[in-house]
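This report concerns only the one structure given below.
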Amino acid sequence: LGDDPVLQATLFLELARIYRNLGILDEADRLSARALLIRREWSPGTVEYADAVGFRGIVLRDEGRIDLAISSLEEAIELREALVPPPDTGLATLQATLAWEVRAAGDYDRAGELFSQALEVQRTVLGTDHPAVATSLLGLASTFHDQGSFDEAEALFRTALEGGAGQANPVAAAALVNLGMIRRLREQFPESEALLRSGLEMREALYDTDHPDVLEAREQWAAALAALGRFREAEATLTRNLNLSISVLGEAHSRTRNSREALSNVDWDLGRLELALARKDSVAAAKNRAHGGDHPGTVYTLISMAEVLLEMGDVPAARTKLDEAVSMAERLEGTEGVYGALARNVAARIALQAGSVAEADSLVTAALALAGERLRPDHRYVLEIQRVRARVHLGQGRPRDAEAVLPDVLEHERRVRPRPHPRIGITLLDLGDAKMALGDAVAAGAAYREAGAEFSELPGSHPLVVRARDGAAAADARSRPPS
């Protein structure tokens, strides 16, 4: 290369781009760092230096070093704003890239603002049919999705999908995946599985099987399988995904964390509580390292760990873990949101198991009020709180009130869940308990047996299967006439 540092930096940067496109991130990292050092020494305060800083941020993002990536992207944006007159498509590209990262960090307002700024320039300069416009549309739609604005998100995703003119392309594949995720959140499970399968197939046609975008689509498809009660298929898919993610992206990458957490939920569904807890503990530690402290995603993981500990019968440990989640939620945004409702619901279960029925009643009432302010009445979180409310009624010696709560929960679950499904079975178990408390052993036995049929995907040793079997036996014994 001779002694020309400008030429050296340019060639190092181009080589880094090639290595990044090939997925060889260690070389992309090494070369982009060298290019940046040279340009910082020989051409600071120039557009070329801004380009080196911006590309360095993109490589750091690919490596999962998010905090460093955000800092580099912010520096590059500040430089271009000072150096290049508008409209600047290079600036728009950096804004959209940064938007994806601050969205992942939970700063949805800033992400929406950055995506909108990028879109304004890209539509003006590049035209509405340009792939960059579709990608930024996708990001803005994803931000609406994260905030629960599903109608706005779905409309934008469909716009992005239509922009692909029916051809296999990254934007169309991402739109399919995100539409599938919205359908799952809306509990339209068969439609969700079909959309996610289509998105996965399109990405597999575009990329290698271990590409990060393929890993994401496969993980989301597996979550759809689990929502349908197809736990064994979900487990096999997620195990493969986790192993690929570890080998290609490493333990620290967000895709690896997400796959491990999804697999922990399937372990939980299958009754492998110790394994589920161990995976969740690993995920919580990884999230703390990645985010440098408090984060909404960590709150969710801690709450689910408290639930697993409760199902294991370790009430003190469940209470400690839940307190940790609540403290983090308070530091983030208080406990009056959805996480506050979920935390209070788990706290009610803990209190009920500890025999504190009055405390459980107060907590579940507060959880239901909070959830009712933010979620529709048939949202799965609201239904879960209603189910706990029925258990509190039983603890209060009010089986008639418990029996009155459960049919609406059961009706909704039967409407949205495929058969058989464990969620339906859990509600039937609670209904069986209410019938037994009312002295209707025949109806209780029928509810327990129907619950057992809903658990057909679970192993025979699973606590829910055992509970259904024992409940049916007890109901039969009570209903049998004396000899």
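Numbers for residues simply follow the sequence, beginning at 1.
- For CD of E120, the number of neighbouring non-hydrogen atoms (other residues, nucleotides, ligands) closer than 6.0 Å is 12 at most.
- Looking at D51 and R80, a side-chain N of the basic residue comes within less than 4.0 Å of a carboxylate O on the acidic one, giving a salt bridge.
- A 4.5 Å side-chain heavy-atom check between L244 and R240 finds at least one atom pair inside the cut-off.
- Considering only heavy atoms from C-beta on, E454 stays 4.5 Å or farther from R423 through its side chain.
- Taking OG from S304 and CG from L309, the interatomic distance works out to 9.5 Å, rounded to the nearest 0.5 Å.
- Electrostatic pairing of K321 and D314 does not count as a salt bridge here, judged by no charged N lying under 4.0 Å from a carboxylate O.
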ring-ring contact (aromatic ring centres under 6.0 Å, His included) between Y49 and W42, intermediate numbers included: CA-CA 9 Å; Y49 174 65; W42 290 93; over 10 Å; no
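- Donor-acceptor pairing under 3.5 Å is recorded for the side chains of R39 and T10.
- Looking only at side-chain heavy atoms (C-beta outward), R123 and L137 come within less than 4.5 Å of each other.
- In this structure, the separation between CG on L94 and CD1 on I77 is 5.5 Å, given to the nearest 0.5 Å.
- Residue R203 comes nearest to A173 through the heavy atom pair CG-CB, 3.5 Å, listed as atom of the first residue, atom of the second, then distance.
- Of the inter-residue distances, the one linking I24 atom CD1 with D29 atom CG reads 13.0 Å to the nearest 0.5 angstrom.
- If you take CD on E324 and OG1 on T301, they are separated by 11.0 Å, rounding to the nearest 0.5 Å.
- Side-chain contact between E251 and R257 is absent, with no heavy atoms from C-beta onward closer than 4.5 Å.
- Under the 4.5 Å side-chain criterion, counting only non-hydrogen atoms from C-beta, I182 is not in contact with N178.
- A 4.5 Å side-chain heavy-atom check between L263 and D267 finds at least one atom pair inside the cut-off.
- Of all the heavy atoms in A224 and L196, the pair that sits closest is CB-CD1, 3.7 Å.
- Q122 and T89 share no side-chain donor-acceptor pair at under 3.5 Å.
- Here the side chains of R380 and H412 are not in contact, with every heavy-atom distance at 4.5 Å or above.
- Listed for the H211 side chain is no donor-acceptor partner under 3.5 Å among the backbone atoms of E204.
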Begin with the C-alpha distance, continue with both residues' side-chain angles, and end with the deciding distance and a verdict on side chain to side chain contact (heavy atoms under 4.5 Å, CB included) for Q95 and F115. CA-CA 7 Å; Q95 288 171 327; F115 279 127; over 6 Å; no
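- Expressed to the nearest 0.5 Å, how far CG of L277 lies from OG of S282 amounts to 11.5 Å.
- Looking at V214 and D208, their side chains never come closer than 4.5 Å, going by heavy atoms from C-beta outward.
- What you find for A227 and P418 is that their closest heavy atoms are O-CD, 4.3 Å.
- In this structure, R103 forms no cation-pi arrangement with Y108, as its terminal cationic atom is not both closer than 6.0 Å to the ring centre and no more than 45° off the ring axis.
- Between L140 and S116, the closest heavy-atom pair is CD1-OG, 4.0 Å.
- Shown here for T256 and S245, the closest heavy-atom pair between the two residues is OG1-OG, 2.7 Å.
- Across all non-hydrogen atoms, the minimal contact from S264 to R279 is CB-CB, 3.6 Å.
- Under a 4.0 Å N-O distance rule, the pair E413/R419 does not qualify as a salt bridge.
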Between S327 and R331, does a side chain to side chain contact (heavy atoms under 4.5 Å, CB included) hold up when you go through it step by step? CA-CA 6 Å; S327 296; R331 292 193 297 270; 3.7 Å; yes
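- Here E27 does not pair with R20 in a salt bridge; the nearest charged N to carboxylate O distance is not below 4.0 Å.
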Go through the steps to decide whether R61 and E101 satisfy the test side chain to side chain contact (heavy atoms under 4.5 Å, CB included), and finish with yes or no. CA-CA 8 Å; R61 184 272 314 271; E101 300 317 310; 2.9 Å; yes
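- Ion pairing between a basic and an acidic side chain is recognised when a charged N comes within 4.0 Å of a carboxylate O; E219 and R255 show such pairing.
- Rounding to the nearest 0.5 Å places CG of L238 at 11.0 Å from CG of N258.
- Just one of E193, E216, E233 meets the side-chain hydrogen bond (donor to acceptor under 3.5 Å, both in side chains) condition when paired with W221; it is E193.
- No donor-acceptor pair under 3.5 Å is formed between the side chain of S192 and the backbone N or O of Q188.
- In this structure Y19 satisfies the ring pair (Phe, Tyr, Trp, His ring centres under 6.0 Å) test with no other residue, sequence neighbours excluded.
- Looking at D88, its side chain never comes within 3.5 Å of a backbone N or O of V84 through a donor-acceptor pair.
- Remark: the T209 side chain and the R218 side chain contain an N/O donor-acceptor pair separated by less than 3.5 Å.
- No more than 12 heavy atoms of other residues, nucleotides or ligands shown are found within 6.0 angstrom of CZ on R34.
- A salt bridge does not link E307 to K280: none of the charged side-chain nitrogens sits closer than 4.0 Å to a carboxylate oxygen.
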Apply side chain to side chain contact (heavy atoms under 4.5 Å, CB included) to the pair H462 and F455, showing each step before the final yes or no. CA-CA 9 Å; H462 193 288; F455 300 142; over 6 Å; no
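- Sparse packing is recorded around CD of E78, with 12 or fewer heavy atoms of other residues, nucleotides or ligands lying under 6.0 Å away.
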Would R110 and E113 satisfy salt bridge (charged side-chain N to carboxylate O under 4.0 Å, His left out), going step by step from the backbone distance to the final call? CA-CA 5 Å; R110 188 181 179 201; E113 181 181 349; over 6 Å; no
